[in-house]
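In what follows, every chain begins at residue 1, and chains take the letters A, B, ... in the order their sequences are listed.
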Amino acid sequence: MGRGYIVEDVVEKYLSNLSVPGASCVTGLLIGQSSSQRDFVVLAVRTPQKDTEGQGSPSVSRGAGNSLERLDVEWVTEHARQVSRMLPGGMSVIGVFLVTPPELSKEAQNTLRRLIFAVDKHISKGRLWSLTEEDVTEKVTLHICSKTRKVVCRTYDVRDPKSSAKPADWKYQSGVCTSWPLLTCSVGLNLVFPVLEMHVLPQDMEKCMKEGLQTWAKQIEDGLCLINGDAMPGEVELLGGQKKNAKAVQQTFRAQILIPMAEPQSERRLTASVKVCSGSLTLKGMVQCRAYLHSNKPRAKHATEVIKRDVINTVSSRVEMFLEDLLMEGEDKGSVGVQQVLPRRVFAPVPGMSLCVCDYMFPDECVSDVSDRLKEMLDWETPEDSIDTSQEAVPEAPTIDLKNTVVQKNLKAKSTLDARPKTPSEDPTEAHKSHKTYYAGVAMAAAIALLATGTSLIYLSD
Amino acid sequence: MVVGNIILRLRGSLEFKCQLDSTDVPHVQKVISRTFEALGSQVKAESLVLSLSSSPVFLWPNKGGHATAGEISPNRPCKDLQQLIQTDDQESSRKKSAKKDKNNPTAGIINLTLMTEVTEPGVLSAPTLLRGSKKHHLLQTTLPMDCVVSVLSSESISVVCGTLVGALCSQLGDMEKVALRHMKGTALLIPQPFHFLLPAPVGLVTVVYPAGVPDSQLETQRKELHSLFELPDDRPYLRRANALHFPDEPYKDGYLRNPHVHLNHPALENGKPYLVQGVYSYHHYMQDRVDDNGWGCAYRSLQTICSWFQQQGYVERAVPSHKEIQQALVEVGDKQGSFLGSRQWIGSIEVAAVLDQLLGVTSKIMFVSQGNAECFRELANHFLSEGTPIMIGGGVLAHTILGVAWSETTGQIRYLILDPHYTGAEDLQVITDKGWCGWKGPEFWDQNAYYNLCLPQRPKTI
């Protein structure tokens, strides 16, 4: 028996409204939650168009062979990774869709298989928490014929490279997520990572931070989670109190995470360990966390899992973004000894639903940047005043380490005042794509695409 | 122990981390002191949580003793906490420990562990990253906090929480003193707390010793404490081996301790028992995978005596094996080389020789013929002044005497015997029921035999 996907009505509308002219193909992501019994899809987002000018590749596949073969899998996976960062706990990219003309329907299955494995692999990179046995590893692929609008739904187990397609049900329904419970908490960080003397900053900064964060993530994973002040056993149903036909209302639960202060069992030392260090990295502040559960008899242990994963993800995401940005912008000599602000989390409502997505704002950005990004990544309009930037407070002006000279202070002030350069999109085969590049590149591409007569999207081959 | 009191034990590890910019002593001491001060603040923070072991209850001691479980409010008496502790098999343990708990004042102890809440809301803002570039030595370890407080069972939870936090702070203070006193360069010896049950009126005290420094080098500290607590200066009370053994912590080596405390005193009119003092382990046939059935009884009695000297803190060496005992006898010239690996019996003279050779303990030898009851007075005096187990050999058997009892009115005498001929498992029920450890009457003595007794003497040392 295959899996059953319960899909929001808005997804049907979105998919049917997708403009897929001529012989072109459209790829996109399916976002939702998977539980052991059922799977829910609440959003579908097409892959944004790429800037084709910079590549110098042939723009439109005017009948020149198979556009599936020229599908840029990397572009799709990168989009998936960026979108994953914008999803609160519980929600994730659980599948991909592909719209093709009827003649490519047969090949579409292979393409979908390639896509779903690549997407899952790319999203899981750098993840600091581990999957458990209870996690569902089946992901969904949806093929839509552009002419007949027929839908073929299959799943693959992405943990098994040899897995074959299994048929699955795809059913539309309204109000799928209206009563999805929401968990919130805010986690304080005060982490100091040593930079051992064999490491050199800034090259090894990522390594040092990753190692330190890995230890912290394990503590969070192993920690105890209280829900609404109660230490519930894992099997307790969270929505147990609700009457069957009660009006579907979204409940909010407050999570608290307690970490035991216990001695690591590894070694019994007699003296304190001494390490020679060339520096240190201090991560301090408060992060806002949110996670959604589904409404199909969620248990306390699922709740603790999704909120803990969100805690870990939000910290590792913004550190990743900060490091990517640093790499792109080039090393700022004046940044040593000064507190640099990491991107802070803001929330935006999903149109027509009681869910939120999130984004990260760099210190020199404003709400319109967020709005633009939401449009590009998630393909919807967000009025600027609906974006909630109040959850995480803006840190005060970067404090200066008294040991540093005045000269460095001036350097830092200069760099924050400079507007971030909007670089044109870079070679899509490059590993690092910060949000900035993406946004800028695609904005240009979108402008060009609108002007171009050929309206089909081109995907460069791998 | 004061009746109507409850003992609470709080354990956990505090992370000790500090950066030493230079290794000169005044700087190091200043930084260490500052780090301890910071830990003191951490312990008084609102994010500190105490977890009541084996229960779903968590307490926030710095928030007035606010707790998770609904039934417990901060002004309830702390004895209510005991009802919330879930023990595994309360039924079976009640049978066995009926006698034990009366004598042991630390039964019914409440265990708590340290935790920290990372979701404790603070006034922190969104995260920042600070890069420090100063070369330094990073000192890192965990401090093994272990506090024991004795409070009235009617005392409110909020007050008890305050007492516990106070105990943590004062232990940190003790640890700081020990750390600074024994520090060499950048080598910080980890301070470890030990609990001792001193004779009335002192009671329960906690002393912090530096890890890795053997008892022999800590005599000055012990002398100071002996005079502080007005303890006699000829026997050890504060060596690490004298530390209080809590009833809820099973001995890891598998040997039974003091099986005689589970016996009823002999029903003698006006009978007063004179018993062994302190703690010994029961050594008998077939233990340690050595099949000494039929020849090893004196060896086992000797092992029991050695275990007494080790657990009272007189020696640090482990209980000797049969091989080591034979080796010692060859070394002192009492036996030829062919003795090694043989199954030859030994007597009280050999026992005394080994005690002297391996433990530096001298013994008195007593000859008793015809099971003469006048030796009773000598034995009673021995248990009063030395309190060590006595090895008795005669005829073809060896045993251990742990005590004597005599009725003034009837003249009846009883002997508390620990029998090394037992070949079974460490089953307390069987050992006490079947008399392997039990009170015997004069029929125990063979009227026609000659007995040699070895009475080990306590060395005069602290």
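Note on B/His136, B/Met145, B/His137, B/Gln192: by heavy-atom pairs under 4.5 Å with chain A, the leading option is B/His136. Put simply, of A/Gln391, A/Glu392, A/Lys275, the one with the most heavy-atom pairs under 4.5 Å next to chain B is A/Lys275. For the set B/Thr68, B/Thr116, B/Val57, B/Leu188, the entry with the most heavy-atom pairs within less than 4.5 Å of chain A is B/Thr116. Between chain B and the options A/Lys284, A/Arg254, A/Arg344, heavy-atom pairs under 4.5 Å are most frequent for A/Lys284. Most heavy-atom pairs under 4.5 Å with chain B: of the set A/Val287, A/Ile257, A/Val276, this distinction falls to A/Ile257. In terms of heavy-atom pairs under 4.5 angstrom with chain A, the leader among B/Thr141, B/Thr113, B/Ile190 is B/Ile190. The candidate from A/Pro194, A/Cys289, A/Cys277, A/Pro233 with the greatest count of non-hydrogen atom pairs under 4.5 Å with chain B is A/Cys277.
B/Leu238 and B/Tyr209 make their closest contact through O-OH, 2.7 Å (heavy atoms, listed as atom of the first residue, atom of the second, distance). B/Cys161 and B/Gly65 get closest at one heavy-atom pair: SG-CA, 3.9 Å. Closest of all the heavy-atom pairs between B/Ser73 and B/Ile157 is O-CD1, 4.0 Å.
Contacts of A/Leu191 with chain B are absent, with no heavy-atom separation under 4.5 Å from either backbone or side chain. Proximity to chain A involves both the backbone and the side chain of B/Val118, based on heavy atoms less than 4.5 angstrom apart. Looking at A/Val274, both its backbone and its side chain come within 4.5 Å of chain B, counting heavy atoms on both sides. Looking at A/Ile220, only its side chain comes within 4.5 Å of chain B, counting heavy atoms on both sides. No part of A/Met232 comes within reach of chain B, as not one of its non-hydrogen atoms sits under 4.5 angstrom from that chain. For a residue to count as touching a neighbouring chain, one of its non-hydrogen atoms must lie under 4.5 Å from one of that chain's; by this rule B/Leu50 does not touch chain A. Using a 4.5 Å cut-off between heavy atoms, A/Arg318 touches chain B through its side chain atoms alone. For B/Glu15, no part lies under 4.5 angstrom from a heavy atom of chain A. Residue B/Phe16: no heavy atom, backbone or side chain, is found under 4.5 Å from chain A. With a 4.5 Å cut-off on non-hydrogen atoms, A/Val192 touches chain B through its backbone and its side chain both.
With hydrogens and angles left out, the side-chain atoms of B/Glu117 and B/Trp60 include a donor and acceptor closer than 3.5 Å. Inspection of the B/His195 and B/Thr206 side chains reveals an N or O donor paired with an N or O acceptor under 3.5 Å. Residues A/Arg269 and A/Ser273 have side chains that never bring a donor and an acceptor to within less than 3.5 angstrom of each other. Neither side chain, A/Asp222 nor A/Gln219, offers a donor N or O lying under 3.5 Å from an acceptor on the other.
Salt bridge present: A/Arg85 and A/Glu320 bring a charged side-chain N and a carboxylate O closer than 4.0 Å. Look at A/Glu305 and A/Lys301 and you find no salt bridge, because none of the NZ, NE, NH1 or NH2 atoms lies under 4.0 Å from a carboxylate O. Salt bridge present: A/Glu235 and A/Arg299 bring a charged side-chain N and a carboxylate O closer than 4.0 Å.
Sorted by first and then second residue, the ring pair (Phe, Tyr, Trp, His ring centres under 6.0 Å) pairs involving residues 205-235 of chain A (not counting sequence neighbours) form an empty list.
Under the rule for a side chain to side chain donor-acceptor pair (under 3.5 Å), the partners of B/Asp248 that lie at least two apart in sequence or sit in another chain are B/Asn111.
In summary, of the residues considered (A/Leu182, A/Leu183, A/Asn228), a side-chain contact (heavy atoms from CB on, under 4.5 Å) with A/Thr252 occurs for A/Leu182 alone.
Residues B/Leu130 and A/Gln340 are not in side-chain contact: their nearest non-hydrogen atoms beyond the backbone lie 4.5 Å or more apart. You'll find the side chain of A/Phe362 stays beyond 4.5 Å of the side chain of A/Leu342, heavy atoms only. You'll find the side chain of A/Cys225 reaches within 4.5 Å of the side chain of A/Ile307, heavy atoms only. Side-chain atoms of B/Gln311 and B/His245, non-hydrogen and from C-beta on, never get closer than 4.5 Å to each other.
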Do A/Arg345 and A/Asp310 pass the salt bridge (charged side-chain N to carboxylate O under 4.0 Å, His left out) test, and can you show the C-alpha distance, the side-chain angles, and the key distance before you say yes or no?
CA-CA 12 Å; A/Arg345 202 177 198 185; A/Asp310 188 69; 3.0 Å; yes
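Contacts of residues 174-183 of chain B with chain A at a heavy-atom distance below 4.5 Å are absent; not one residue qualifies. Contacts from residues 28-46 of chain B to chain A, taken as heavy-atom pairs separated by less than 4.5 Å, involve B/Gln42 in sequence order.
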